[in-house]
Amino acid sequence: MKAFLVMSFSALLVAGLGVAYAHEGHDHKEGKAGKEMTVQGELIDTACFTTSDGDAKGKEHAECAGKCMASGVPAAILPEGSKGSNPMLFLLTNPTVLAPYAGQTIKVEGTGYEDKHAIDVKKLYVKDGDNWKEIQLKDEHHKMGGESDAKEKGEHAAHEHK
């Protein structure tokens with residue numbers, strides 16, 4: 001079982017690095033499947049959640065999930081009211097900044113690709129009492145200041161957030 005978990009974790013890590021590397025130099029196009037959406041639910045780590053068949057969640061798993069995300073394991077949202085593990089949506093953003101909020105209720109605004117179980121995150125908020133606190137995202141397409149800044153630096157055009 002340990003070997004299976006290690007192999008699964010390694011596969012997810014390699015896939016995540018591949019996605020991060022592949023991001024540079026390509027154009028983001030909102031396909032037919034992409035639609036603007038806001039989702040509220042629990043912030044989870046994908047490795048433990050997936051390999052546990054959806055059992056690794058909640059406050060009792062928050063510390064472990066935080067460690068996983070801090071190490072680079074992709075983060076996801078499990079929408080409120082979800083039954084089973086199928087509704088999980090990968091968060092297309094750097095998971096390390098989200099690690100301290102593992103297991104908490106979050107709200108995500110972005111372009112959803114439900115058929116791919118993913119959401120390209122534009123804004124992310126964590127529930128703070130009765131309020132929402134915005135989390136500053138730190139990844140390639142969120143740190144770009146705009147198309148003119150990117151062109152001046154010789155980088156690819158900034159990701160458009162409509």
Side-chain angles (χ1 to χ4, degrees), residues 5 8-24 26-128 131-144 158-162:
L5 289 175
S8 297
F9 178 101
S10 298
L12 281 170
L13 184 59
V14 169
L17 291 174
V19 169
Y21 179 77
H23 182 273
E24 189 172 336
H26 74 85
D27 293 327
H28 288 270
K29 295 179 182 171
E30 193 168 311
K32 293 178 185 177
K35 65 179 181 181
E36 295 303 307
M37 63 188 323
T38 300
V39 182
Q40 189 171 314
E42 181 183 341
L43 176 61
I44 58 174
D45 77 284
T46 57
C48 293
F49 185 78
T50 301
T51 59
S52 73
D53 204 22
D55 292 333
K57 61 184 179 197
K59 293 182 187 212
E60 60 278 350
H61 187 72
E63 183 179 345
C64 179
K67 288 178 184 177
C68 287
M69 284 184 260
S71 74
V73 172
I77 185 170
L78 183 62
E80 286 183 343
S82 296
K83 302 291 183 212
S85 59
N86 199 38
M88 175 189 79
L89 295 169
F90 287 92
L91 300 177
L92 303 181
T93 190
N94 182 344
T96 58
V97 70
L98 305 177
Y101 310 104
Q104 294 183 35
T105 300
I106 61 170
K107 178 170 60 173
V108 179
E109 296 175 1
T111 305
Y113 300 88
E114 292 185 53
D115 61 327
K116 295 174 180 68
H117 292 275
I119 184 167
D120 188 8
V121 181
K122 289 183 183 176
K123 292 188 175 188
L124 189 142
Y125 306 87
V126 65
K127 186 89 171 185
D128 186 15
N131 301 312
W132 292 98
K133 172 184 161 188
E134 185 173 0
I135 304 305
Q136 295 302 308
L137 303 174
K138 295 180 182 175
D139 56 42
E140 190 63 30
H141 65 261
H142 290 105
K143 76 176 183 179
M144 291 184 211
H159 180 72
E160 286 187 25
H161 290 291
K162 297 178 184 176

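Qualifying side chain to side chain donor-acceptor pair (under 3.5 Å) partners for T96, counting only residues two or more places apart in sequence or in other chains: N94. For E63, the salt bridge (Lys or Arg N to Asp or Glu O under 4.0 Å) test picks out K67, with sequence neighbours left out.
Smallest separation of non-hydrogen atoms from A70 and A99: N-CB, 3.6 Å. The shortest non-hydrogen separation linking M69 to A102 is CE-CB, 3.3 Å. Heavy-atom minimum distance, Q136 versus V97: O-CG2, 3.5 Å.
From K123, atom NZ reaches atom OG1 of T93 across 14.0 Å, with rounding to the nearest 0.5 Å. Atoms CG and CD1, on L91 and I106 in that order, are 5.0 Å from each other to the nearest 0.5 Å. A distance of 13.0 Å separates CD in E109 from CG in D120, rounded to the nearest 0.5 Å. To the nearest 0.5 Å, the span separating CG on L92 from NZ on K116 amounts to 11.0 Å.
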Is there a side chain to side chain contact (heavy atoms under 4.5 Å, CB included) between Y101 and D128? Walk through the geometry before answering. CA-CA 10 Å; Y101 310 104; D128 186 15; over 6 Å; no
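Side-chain atoms of E36 and T111 form a donor-acceptor pair, as typed in the model, at a separation below 3.5 Å.
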Listed pairs under 3.5 Å, donor-acceptor, residues 72-90 side chains, sequence neighbours left out:
{"residue": "E80", "atom": "OE2", "partner": "Q40", "partner atom": "NE2", "Å": "3.1"}
{"residue": "S82", "atom": "OG", "partner": "P79", "partner atom": "O", "Å": "2.4"}

Counting only pairs under 3.5 Å, give me each side-chain donor-acceptor contact of residues 55-62, with atom names and distances, residues two or more places apart or in other chains.
{"residue": "H61", "atom": "NE2", "partner": "D45", "partner atom": "OD1", "Å": "3.2"}

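Residues L43 and L124 form no side-chain contact, since every pair of their non-hydrogen atoms from C-beta on lies 4.5 Å or further apart. Proximity of Y125 to K133: side-chain heavy atoms (C-beta onward) are nowhere separated by under 4.5 Å. At a threshold of 4.5 Å between non-hydrogen side-chain atoms, the residues D139 and V121 do not count as touching.
The backbone N or O of A47 sits nowhere less than 3.5 Å from a side-chain atom of T50 that would complete a donor-acceptor pair.
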